[in-house]
Amino acid sequence: MAPRLLGKVLAHRTAAGVLAGRIVEVEAYQGPHSDPPDPAAHAYRGPTPRNRVLFGPAGHAYVYSIYGRYFCMNISCEAEGRAGCILLRALEPLTGVKQMARNRGLAMGAAIDAKLGRLLTSGPSRLCQAMGITRAAHNGINLLDQASPLQVQDDGYTVGEVLVTPRIGIHEAVDRPLRFALRGNPCVSGAKSFR
DNA sequence: AGGCCGATCCTCT
DNA sequence: GAGGATCGGCCTA
């Protein structure tokens with residue numbers, strides 16, 4: 001599912017207008033049923049009040065808070081009772097760029113060069129901030145329902161070469177090739193060698 | 001009831 | 001490249 005999500009669009013209808021970005025970097029985290037088990041995953045020890053969305057149906061948002069100040073967003077990917085998911089790590093801004101800059105607290109003029117574009121949505125918590133995604137408002141939301149304010153959409157974009165690397169920022173199962181990104185896309189997080 | 005720590009980001013050197 | 005912010009959630013007792 002992770003590489004298949006690359007190139008899709010995440011769209012959020014807000015009071016300030018539509019915010020949308022293309023998914024350019026993701027990571028896969030596996031449920032407790034996986035073989036081998038995935039100790040880096042939130043679902044590794046089974047369901048808890050925090051991660052219960054992951055054990056529900058596929059296509060729903062799992063939004064959690066981290067370090068007391070940020071959010072990260074995942075998409076549940078398996079049938080009920082299982083808990084695999086995809087973490088969104090970077091977007092390429094498409095719509096509502098000015099509002100994204102405001103959400104990120106960046107003073108941004110009309111010009112959107114590659115460097116500023118990266119600052120908006122290259123990172124799992126940066127993209128939540130730019131898109132206005134919070135646990136209170138969006139955890140558990142159905143991303144595949146046209147009626148949802150937050151959705152994943154397919155605009156027909158054709159994906160090029162996919163870069164596969166280990167996952168970032170974890171301490172367990174550090175070597176598995178479960179991070180996927182559009183190779184060469186400037187909005188992918190991390191150093192140049194990871195793009 | 002208490003302690004520990006994180007799928008991060010920003011600032012400063 | 002290193003260190004601090006900051007708090008909800010999970011584990012242990």
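FYI, side chains are in, hydrogens and waters are out, and symmetry mates aren't considered; it's all heavy atoms of this structure. Below, chains carry the letters A, B, ... as their sequence lines are ordered, and counting in each starts from 1.
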Visitor: Would you mind classifying the nucleic acid contact of A:Arg69 as base, sugar-phosphate or nothing, using non-hydrogen atoms under 4.0 angstrom?
Guide: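 If one applies the 4.0 Å heavy-atom cut-off, A:Arg69 turns out to touch a base.
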Visitor: Report the distance from atom OH of A:Tyr44 to atom P of C:dC10, rounded to the nearest whole Å.
Guide: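 One finds 16 Å between P of C:dC10 and OH of A:Tyr44, rounded.
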Visitor: Which value, in whole Å, describes the distance between the C1' atoms of nucleotides B:dC5 and C:dG3?
Guide: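 It comes out at 16 Å once rounded to the nearest Å.
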Visitor: In whole Å, what is the span from the CZ atom of A:Arg50 to the C1' atom of C:dC11?
Guide: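 About 13 Å, once rounded to whole Å.
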Visitor: Using Watson-Crick or G-U wobble geometry with both distances under 3.5 Å, which nucleotide pairs with C:dT6?
Guide: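 Checking every strand shown, C:dT6 finds no partner, since no pair has both distances under 3.5 Å.
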Visitor: Counting heavy atoms from C-beta on, name the nucleotide in B:dA7, B:dC10, C:dG9 closest to the side chain of A:Arg135.
Guide: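 The closest nucleotide is C:dG9.
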Visitor: Contact class for A:Leu87 (heavy atom, under 4.0 Å): base, sugar-phosphate, or nothing?
Guide: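 If one applies the 4.0 Å heavy-atom cut-off, A:Leu87 turns out to touch a base.
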Visitor: Grab the OH-C1' distance between A:Tyr62 and C:dG8 for me, whole Å please.
Guide: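 It is 11 Å, rounded to the nearest whole Å.
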Visitor: Decide whether a cation-pi geometry holds between A:Arg4 and A:Phe180; the criteria are a distance under 6.0 Å from NZ or CZ to the six-membered ring centre and an angle within 45° of the ring axis.
Guide: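 No, A:Arg4 does not lie over the aromatic ring of A:Phe180.
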Visitor: Indicate yes or no for a side-chain donor-acceptor contact from A:Arg104 to the backbone of A:Leu119 under 3.5 Å, with no hydrogens or angles considered.
Guide: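 Yes: the side chain of A:Arg104 pairs with the backbone of A:Leu119.
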Visitor: In this structure, how many angstroms lie between the P atom of B:dT8 and the CZ atom of A:Arg179, rounded?
Guide: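 To the nearest whole Å, that distance equals 11 Å.
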Visitor: Quick one: which of B:dG6, B:dC10, C:dC10 gets closest to the side chain of A:Tyr67?
Guide: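 Closest of the options to the side chain of A:Tyr67: B:dG6.
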Visitor: Between P on B:dC5 and NE2 on A:His42, what's the gap in Å once rounded to a whole number?
Guide: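 Value for this atom pair: 15 Å.
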Visitor: Whole Å only: how far is the CZ atom of A:Arg45 from the P atom of B:dA7?
Guide: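 The answer, rounded to whole Å, is 11 Å.
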Visitor: For A:Asn51 and B:dA7, give me the distance from atom CG to atom C1', rounded to whole Å.
Guide: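 To the nearest whole Å, that distance equals 13 Å.
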Visitor: Specify the separation, in whole Å, of atom CE of A:Met73 and atom C1' of B:dA7.
Guide: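 A:Met73 atom CE is separated from B:dA7 atom C1' by 14 Å.
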Visitor: With a cut-off of less than 4.0 Å, is there a side-chain N or O of A:Thr48 near OP1 or OP2 of C:dC10?
Guide: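 Looking at the OP1 and OP2 atoms of C:dC10, one of them is under 4.0 Å from a side-chain N or O of A:Thr48.
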Visitor: Does A:Arg82 qualify as a cation-pi partner of A:Phe55, given the criterion of NZ or CZ under 6.0 Å from the six-membered ring centre and within 45 degrees of its axis?
Guide: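 Ring-cation test returns no.
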Visitor: Would you say the side-chain atoms of A:Glu92 and A:Asn185 include a donor-acceptor pair closer than 3.5 Å?
Guide: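 A pair is found: one side chain offers a donor N or O, the other an acceptor, under 3.5 Å apart.
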Visitor: For the residue pair A:Ser122 / A:Arg126, report whether a side-chain donor-acceptor contact shorter than 3.5 Å exists.
Guide: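 There is such a pair (donor and acceptor under 3.5 Å, judged by atom type) between the side chains of A:Arg126 and A:Ser122.
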